[in-house]
Amino acid sequence: MSTVAVVGTGVIGASWAGLFLAHGLDVVATDPAPGAEERLRSALEGTSTDRLRFVADAGEAAAAADFVQENGPEREDVKHALFAVLDEAARPDVILASSSSGLLPSVIARGCPRHPERVVIGHPFNPPHLIPLVEVVPGRDTAPEVVDRAVAFYTSVGKRPIRLSREVPGHIANRLQAALWQEAYSLVERGVATVADIDTAIAYGPGLRWAVLGPFLNQHLSGGAGGLAHVLAHLGPPTEEWWRDLGRVHLTPELAEKLVAGVDAERAGTDDRALVAARDAVLHRLLAAKAAQPDLP
């Protein structure tokens, strides 16, 4: 695959474009929003754009591509209309991958009456040009070889793809995040802790370990010689008690206002662009450090 169509060039699409360009691929980008091309080229400042072409029509982009990465709004009606265009224009062998963070691929594929078997979720994590994870999710009609080819393609551009055995709303990582957010929001709502306290608890506590190993391996290592079996035997019952005490929240306007105010207080006037730059600099160093450790899975 030498040419990728990036359909939708917002934050995620622009980051995908930067990744593909950095790996020597030709990118045909498209986005109907006014000023989209200028914003994309600005976002790619510092990246060679010799292989970038911007077109006004999604069908034109798909017709030129060997792989399509779609990044449109998270709305079924928009996805269906967009994928109908992509399905009509792209060669039958071209994979149509969606960056959707939660929609089911079977739902998206309803917009592809010609070739629903080539539709797959290829969900990245922001920013895609840095975070290796891609969740590859097949739908009911997705051909197994399409999943294999998608995994191989993402691997070829430096990603760390995982494939889901079946589709669920939100895939894997967003469901895990949603579970944490539910309790974090509940702790704020109940006045147990501030937004800043909760961010500190994760960023300077388990989040540091999670950045190196996942929750299961970290839990295993916390059990000493007995490993995960010891942890489950001795901490399983109290953990179940904690589960029963976890909060159930609704995002009321009052809670949303409280969360936003908490984030604003935590930022304390810090420029978001500076925060993004600092985050990305640490991510670069962290990924390099992980790559230098052969014993990490």
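Model, not experiment: these values are computed from the prediction.
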Listed pairs under 3.5 Å, donor-acceptor, residues 30-41 side chains, sequence neighbours left out:
residue, atom, partner, partner atom, Å
Thr30, OG1, Val55, O, 3.0
Asp31, OD1, Ala33, N, 2.9
Asp31, OD2, Thr9, N, 2.8
Asp31, OD2, Thr9, OG1, 3.4
Glu37, OE2, Arg41, NE, 3.1
Glu37, OE2, Arg41, NH2, 3.4
Arg39, NH1, Pro34, O, 3.0
Arg39, NH2, Pro34, O, 2.9

Table please: side-chain donor-acceptor pairs of residues 285-297 below 3.5 Å, with sequence neighbours left out.
residue, atom, partner, partner atom, Å
Lys290, NZ, Ala211, O, 3.0

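For the pair Glu266 (side chain) and Ala261 (backbone), a donor-acceptor distance under 3.5 Å is absent. Distance alone, capped at 3.5 Å, places no donor-acceptor pair between the Asp87 side chain and the Phe83 backbone. At distances below 3.5 Å, not a single donor-acceptor pair connects side-chain atoms of His129 with backbone N or O atoms of Phe20. The closest donor-acceptor contact from the side chain of Asn71 to the backbone of Ser99 lies at 3.5 Å or more, if one exists at all. For the pair Lys79 (side chain) and Gly111 (backbone), a donor-acceptor distance under 3.5 Å is absent. Checked by atom type and distance alone, the side chain of Lys258 never pairs as donor or acceptor with a backbone atom of Val195 at under 3.5 Å. Using a distance-only test at 3.5 Å, with no hydrogens or angles considered, no donor-acceptor pair links the side chain of Arg51 to the main chain of Leu21.
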Could you go through the side-chain contact (heavy atoms from CB on, under 4.5 Å) check for Glu254 and Glu189 one step at a time?
CA-CA 9 Å; Glu254 294 77 17; Glu189 184 178 53; over 6 Å; no
Using the side-chain contact (heavy atoms from CB on, under 4.5 Å) rule, take Ile198 and Val188 through it: C-alpha gap first, then chi angles, then the decisive distance, then the call.
CA-CA 8 Å; Ile198 293 169; Val188 172; 3.5 Å; yes
Quick one, His171 with Ile121, criterion side-chain contact (heavy atoms from CB on, under 4.5 Å). Give me CA distance, side-chain angles, the key distance, then yes/no.
CA-CA 9 Å; His171 321 317; Ile121 295 291; 3.7 Å; yes
Which is it for Glu183 and Arg190 under the salt bridge (charged side-chain N to carboxylate O under 4.0 Å, His left out) test, yes or no, and what are the steps along the way?
CA-CA 10 Å; Glu183 181 58 14; Arg190 289 184 283 166; 3.2 Å; yes
Start with the C-alpha gap between Val134 and Arg160, add the side-chain angles, then the distance that decides, and say whether side-chain contact (heavy atoms from CB on, under 4.5 Å) holds.
CA-CA 6 Å; Val134 179; Arg160 184 72 175 264; over 6 Å; no
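Looking at Val136 and Val120, their side chains come closer than 4.5 Å, going by heavy atoms from C-beta outward. Side chains of Glu76 and Leu103 form a contact here, defined as non-hydrogen atoms less than 4.5 Å apart.
Among pairs with a residue in residues 137-148, those fulfilling side chain to side chain donor-acceptor pair (under 3.5 Å) read Asp148-Arg163, at least two apart in sequence or across chains.
Remark: Phe67 engages Phe153, Tyr154 in a ring-ring contact (aromatic ring centres under 6.0 Å, His included) (not counting sequence neighbours). With sequence neighbours left out, the ring-ring contact (aromatic ring centres under 6.0 Å, His included) criterion links Phe125 to His123. His230 is linked by a ring-ring contact (aromatic ring centres under 6.0 Å, His included) to His234, counting only residues two or more places apart in sequence or in another chain.
Judged purely by distance below 3.5 Å, without hydrogens or angles, the side chains of Asp66 and Ser2 pair a donor atom with an acceptor atom.
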